[in-house]
Amino acid sequence: RSSDRKTQAHPRVLNTFGLPAGKDASCPGATSFCEARCYALAIQRRFRAVEPMLAGNLACLKEANGARGMTVLLSAMLDEFERDCETRGVAKVFRWHWDGDVFSLPYARAIAAAMRAHPEVKGWIYTRSTFAVSTLLGLENLAVYFSVDADNVSKAARLQGSDRLRFAFTAPTWEQAAGLAAEIGERPGPKCPELTGALGLEGACVACGLCIEGRANVRFATDKGTRKGASA
């Protein structure tokens, strides 16, 4: 596990899980757009200890011999997470993949099984792995967002039809993100309030709650010049 400051200000519990980013690692659905702008990939390259830790996570999962073995590992991780939350009086809010993505269908099945076995854990996940969506949908305690950019908007259109699936539209500007939503006839959703400056980084996701609860689609803008001061 890792700690995510957007989930909890000054984290007292390791509250997220990551894998190495990139199409040749854990991101089969990676697009040219996301690979060029991946903030998590930048973090794993900047801090020397991060990449070996993420690579170790991926190696453990691949050595676990399929969905059943991976479920054992992920369930043990969530057992520890719950115990830590109870010990420290922290809400059981867990983010899947601050870095990386769902790299295989057996892994998607393992995530679903682990979350099903931990109904008190509230989780959310962004993914570009189309094959994982139907497996991850339908859990009351897991909000699922398909990450959309200009390179995979046609794939997003083919995923429409589920009331439970949400879309995270990402583009250089807010207007371009809204344009992606219009291409597939979806509501663009609010702008991420952490990126607009409406919320500070620390604890922003819990304070907002939109993605954690899966209440609506959401927009992200990668061009820093368009973010701050923009209303939702």
Side-chain angles (χ1 to χ4, degrees), residues 4-7 16 18 21-46 95-102 124-133 136-137 143-201 204-232:
D4 178 23
R5 290 187 298 155
K6 288 197 292 184
T7 303
T16 186
K23 189 168 288 187
D24 58 347
S26 73
C27 303
T31 65
S32 297
F33 178 91
C34 72
E35 287 191 307
R37 296 164 175 82
C38 182
Y39 71 90
L41 183 59
I43 291 172
Q44 80 179 54
R45 287 172 173 169
R46 180 180 177 185
R95 177 177 175 180
W96 288 95
H97 304 143
W98 71 269
D99 193 0
D101 203 345
V102 183
W124 83 106
I125 187 169
Y126 307 102
T127 184
R128 282 182 170 84
S129 298
T130 54
F131 60 81
V133 170
L136 297 173
L137 282 176
V144 181
Y145 279 80
F146 185 74
S147 296
V148 186
D149 59 57
D151 295 331
N152 70 351
V153 66
S154 61
K155 292 182 179 179
R158 293 195 292 271
L159 290 172
Q160 288 178 292
S162 170
D163 292 337
R164 299 294 299 274
L165 179 62
R166 300 291 182 241
F167 294 95
F169 298 104
T170 307
T173 69
W174 300 116
E175 292 74 18
Q176 288 170 321
L180 293 174
E183 281 191 49
I184 62 172
E186 283 280 340
R187 293 178 182 272
K191 301 169 184 175
C192 171
E194 189 272 319
L195 293 184
T196 66
L199 290 175
L201 174 69
C205 291
V206 170
C208 171
L210 184 147
C211 294
I212 295 173
E213 298 297 331
R215 292 199 300 261
N217 298 333
V218 66
R219 275 182 285 168
F220 298 97
T222 61
D223 183 348
K224 293 181 180 180
T226 71
R227 293 176 179 176
K228 301 299 183 182
S231 64

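Since the structure is predicted, the reported quantities are computational estimates derived from the model, not experimental observations. Start at 1 with the first residue, then count along the sequence.
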Is there side-chain contact between W98 and Y126, with heavy atoms separated by less than 4.5 Å?
-> no
Yes or no on side-chain contact (heavy atoms from CB on, under 4.5 Å) for V206 and T7, after CA distance, side-chain angles and deciding distance?
-> CA-CA 6 Å; V206 170; T7 303; 4.2 Å; yes
Geometric class of the F167/F169 ring pair [parallel <30°, tilted 30-60°, perpendicular >60°] = parallel
Answer yes or no: is there a donor N or O on one side and an acceptor on the other, between the side chain of N152 and the main chain of A30, under 3.5 Å?
-> no
Separation between SG (C208) and CD (E194), nearest 0.5 Å, reads 10.5 Å
Keeping the roles fixed (side chain from S129, backbone from A132), state whether a donor-acceptor pair exists under 3.5 Å.
-> no
Smallest heavy-atom separation, A168 atom then F220 atom, equals CB-CE1, 3.8 Å
For residues I43 and D99, determine if any side-chain heavy atom of one lies less than 4.5 Å from a side-chain heavy atom of the other.
-> no
What pairs meet the salt bridge (charged side-chain N to carboxylate O under 4.0 Å, His left out) rule with one or both residues in residues 143-156, with sequence neighbours excluded?
-> R128-D149
Rounded to the nearest 0.5 Å, how far does NE2 of H97 lie from OG1 of T16?
-> 8.5 Å
With a 4.5 Å limit on heavy-atom distance, are the side chains of T222 and Y39 in contact?
-> no
Report yes or no: do T127 and D101 form a side-chain donor-acceptor pair below 3.5 Å?
-> yes
Looking only at heavy atoms, the pair that brings S26 and P28 closest together is O-CD, 3.2 Å
Side-chain contact, heavy-atom cut-off 4.5 Å: P172 with F33?
-> yes
Out of curiosity, C192 SG to L199 CG, how far, rounded to the nearest 0.5 Å?
-> 8.0 Å
So the salt bridge (charged side-chain N to carboxylate O under 4.0 Å, His left out) pairs with at least one residue in residues 23-39 (sequence neighbours excluded) are none
What is the distance from atom CD1 of I125 to atom OH of Y145, rounded to the nearest 0.5 Å?
-> 13.0 Å
For L165 and F146 the tightest heavy-atom approach is CD1-N, 4.0 Å
Donor-acceptor contact present, side-chain R166 to main-chain D163, <3.5 Å = yes
For the student: nearest non-hydrogen atoms of V218 and C211, plus distance | CG1-SG, 3.9 Å
Which pairs would a plain distance check flag for residues 176-188, meaning a side-chain donor or acceptor within less than 3.5 Å of a matching protein atom at least two apart in sequence or in another chain?
residue: Q176; atom: OE1; partner: T173; partner atom: N; Å: 3.2
residue: Q176; atom: OE1; partner: T173; partner atom: OG1; Å: 3.2
residue: E186; atom: OE1; partner: N217; partner atom: ND2; Å: 2.9
residue: E186; atom: OE2; partner: Q160; partner atom: NE2; Å: 3.1

Report the C-alpha separation of R164 and V144 in whole Å, then their side-chain angles, then the decisive distance to 0.1 Å, and conclude whether the side-chain contact (heavy atoms from CB on, under 4.5 Å) test is met.
-> CA-CA 8 Å; R164 299 294 299 274; V144 181; over 6 Å; no
Verdict with reasoning, V102 to W96, per side-chain contact (heavy atoms from CB on, under 4.5 Å) = CA-CA 9 Å; V102 183; W96 288 95; over 6 Å; no
